Amino acid sequence: MNRDDFPILQERVYNCPLVYLDNAATAQKPKQVLDALQYAYTHFNANIHRGVHHLSQVATQHHEESRQAVADFLRARSSNEIVFTKGTTNALNMLAQSYGEAFVREGDEIVVTTMEHHSNIVPWQLLCHRKGAVLKVIPLNDNLTLDMQAFSAILSQKTKIVSVAHVSNVLGIINPIEDIIRIAHERGIPVCIDAAQSAPHLPIDVQHLDCDFLALSAHKIYGPTGLGVLYGKEEWLNQLPPAEGGGEMIEHVSFEKTTYNTLPYKFEAGTPDFIGSFAFAEALHYLQDTGWEKIVEHERELGKYAERRLASLPDVEIYAQGAAKAGVISFNVRGVHPYDVGVLLDRQGIAVRTGHHCAEPLINHLGIPGTIRASFGLYNDEGDIDRLLVALERAIGMLK
């Protein structure tokens with residue numbers, strides 16, 4: 001992997017070389033993405049769709065080509081199934097609002113898991129409060145994997161949708177989403193996948209998975225901030241009402257009645273981030289050029305190396321140790337608050353994340369105040385892990 005493609009990795013923090021291990025929060029951007037942002041603003045910055053002048057037409061073309069790039073990235077049947085959003089959180093909120101309006105009634109049930117990010121809990125809670133529905137939660141086994149027997153037992157005729165993370169943003173565990181989708185579909189229940197943490201690390205084929213909806217964020221996939229995607233099967237999106245109103249999502253407007261635009265524009269009210277979508281396509285091309293097989297193997301071996309090195313320290317407790325993971329390792333130093341460790345690592349140029357990681361129910365299940373999370377990107381290497389271990393040993397020596 002070419003670290004030189006990522007200019008920020010040359011930064012120094014407190015006069016130490018930067019080791020960036022906070023990729024689960026946001027990934028750094030290659031020069032190709034940074035250059036794309038500047039190129040777009042300097043060559044075709046004009047509002048898309050409906051404009052008859054040259055810049056608008058060029059911007060529109062690039063935006064729709066970027067939509068097709070996302071469709072190709074997810075192996076979707078059609079670019080009509082790709083809705084641009086502000087991010088995973090916005091995508092899940094839109095889905096809860098729209099799907100809930102159309103299909104959820106009082107007494108119905110929505111199923112999530114114990115390990116969900118708040119963005120895949122709170123929107124469904126809001127829907128439950130609004131509609132009088134019930135939120136059901138898939139529990140965990142002792143090894144912190146999903147209890148699939150309990151999942152099967154939770155499903156009922158009242159279950160209207162299952163929404164589950166592909167990869168836990170705290171534990172890094174890869175959930176058995178193919179089994180989840182199959183079991184739910186056997187009972188006619190649609191499934192939404194939160195792919196915020198999986199899309200940067202694993203190839204995704206929505207047709208093979210047969211998921212009904214999927215959400216992701218561009219900034220975690222080496223793209224720009226403020227942009228995300230809601231994928232939905234075309235037959236589902238056609239049944240759902242718009243989640244937001246305004247320009248672009250309409251066909252005709254009068255004070256008596258409004259008719260809606262075709263897919264996917266029905267769900268894209270207002271001016272979209274056409275600059276960001278252009279840059280995001282460059283990020284996806286970068287991943288494609290690097291090669292998924294190379295990325296997956298590199299990150300798998302790096303994760304094993306990191307877990308092995310961390311496990312060699314007697315005071316370190318690793319969560320879900322040995323489980324199949326993607327891009328994340330969470331750990332703690334026994335008897336020490338994770339925040340204190342994070343501060344001392346930062347002073348040595350090591351960027352990790354500490355706290356509950358927007359997954360308080362999971363942290364409460366673990367009975368801890370939070371974790372230290374090291375999360376990897378394609379540009380990280382064993383040298384970064386070695387630097388982490390040296391800094392961690394120094395921090396432990398100061399705190400214990």
Side-chain angles (χ1 to χ4, degrees), residues 20-28 85-93 95 112-125 137-140 143-146 162-177 180 192-202 204 211 213-223 225 228-230 295-296 299-300 302-303 306-307 310 318-321 323-332 338-339 342 351-366 368-378 380:
Y20 187 78
L21 296 172
D22 194 21
N23 294 279
T26 196
Q28 300 303 338
T85 69
K86 293 182 290 187
T88 302
T89 299
N90 179 230
L92 292 169
N93 272 276
L95 178 61
V112 298
T113 81
T114 303
M115 64 175 68
E116 296 307 315
H117 189 282
H118 295 166
S119 62
N120 201 30
I121 299 174
V122 179
W124 301 113
Q125 283 181 326
V137 182
I138 306 169
L140 304 182
N143 64 359
L144 302 181
T145 60
L146 292 179
V162 174
S163 193
V164 58
H166 190 173
V167 171
S168 166
N169 75 305
V170 176
L171 303 172
I173 285 177
I174 303 171
N175 284 322
I177 57 170
I180 290 170
C192 172
I193 301 300
D194 176 352
Q197 295 299 330
S198 60
H201 306 292
L202 303 170
I204 295 175
C211 59
F213 305 99
L214 181 143
L216 59 80
S217 294
H219 72 97
K220 297 181 189 292
I221 319 176
Y222 311 101
T225 59
V229 169
L230 174 63
I295 293 169
V296 170
E299 293 184 350
R300 180 188 296 119
L302 186 63
E307 193 163 282
L310 286 166
I318 301 170
Y319 298 98
Q321 185 173 353
K325 298 180 182 179
V328 172
I329 293 179
S330 270
F331 63 95
N332 269 324
Y339 177 82
V352 295
R353 180 77 44 163
T354 63
H356 56 61
H357 315 298
C358 293
E360 282 193 73
L362 174 58
I363 295 299
N364 291 337
H365 173 83
L366 295 172
I368 55 178
T371 75
I372 306 155
R373 185 182 70 187
S375 51
F376 317 118
L378 56 81
N380 291 120

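As the structure is a computational prediction, the values presented were derived from the model and not from experiment.
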What distance separates [X] [atom1] from [Y] [atom2], expressed to the nearest 0.5 Å?
X      : Y      : atom1 : atom2 : answer
Ile193 : Asn120 : CD1   : CG    : 9.0 Å
Ile174 : Ser168 : CD1   : OG    : 11.0 Å
Ile173 : Leu140 : CD1   : CG    : 7.5 Å
Cys211 : Ile180 : SG    : CD1   : 11.5 Å
Leu21  : Arg373 : CG    : CZ    : 11.0 Å
Arg353 : Thr26  : CZ    : OG1   : 9.0 Å

Over all heavy atoms of both residues, which pair between [X] and [Y] is shortest? Give the atoms and the distance, please.
X      : Y      : result
Val352 : Gly342 : CG2-CA, 4.4 Å
Ala195 : Pro200 : O-CD, 4.4 Å
Ser375 : Val328 : CB-CG2, 4.0 Å
Ile329 : Gly303 : CD1-O, 3.5 Å
Ala199 : Ile221 : CB-CD1, 3.5 Å

Test log, rule side chain to side chain contact (heavy atoms under 4.5 Å, CB included), inputs Met115 and Asn175
CA-CA 10 Å; Met115 64 175 68; Asn175 284 322; 3.3 Å; yes
Under a 4.5 Å cut-off applied to non-hydrogen side-chain atoms, are [X] and [Y] in contact?
X      : Y      : value
Ile295 : His201 : no
Leu171 : Leu362 : yes
Ile121 : Pro361 : yes

Sequence neighbours left out, what passes ring-ring contact (aromatic ring centres under 6.0 Å, His included) with [X]? Give chain and number order.
X      : result
His365 : none
Phe376 : none
His356 : His118

Non-neighbouring partners of [X] that pass side chain to side chain donor-acceptor pair (under 3.5 Å), sequence neighbours left out:
X      : result
Thr145 : Asn141, Asn143
Ser198 : His166
Asn332 : Tyr319

Quick note, salt bridge (charged side-chain N to carboxylate O under 4.0 Å, His left out) partners involving residues 114-123, not counting sequence neighbours, are none
The residue among Val164, Thr113, Thr114 that forms side-chain contact (heavy atoms from CB on, under 4.5 Å) with Ile138 is Thr113
Across all chains, not counting sequence neighbours, the salt bridge (charged side-chain N to carboxylate O under 4.0 Å, His left out) partners of Lys325 are Glu307
For Asn90 and Gly87, indicate whether the former's side chain and the latter's backbone hold a donor-acceptor pair under 3.5 Å.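 Looks like no, no N/O pair under 3.5 Å.
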Is a side-chain N or O of His117 found less than 3.5 angstrom from the main chain of Ser119, in a donor-acceptor match?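 Present.
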Does the pair Ile363 and Thr371 meet the rule for a side chain to side chain contact (heavy atoms under 4.5 Å, CB included), with working shown? CA-CA 8 Å; Ile363 295 299; Thr371 75; 4.0 Å; yes
Applying side-chain contact (heavy atoms from CB on, under 4.5 Å), name anything that partners [X], two or more places apart in sequence or on another chain.
X      : answer
Ser217 : Thr88, His219, Lys220
Ala27  : Asn23, Tyr222, Tyr379
Ala324 : none
Pro123 : Asn93, Ala96

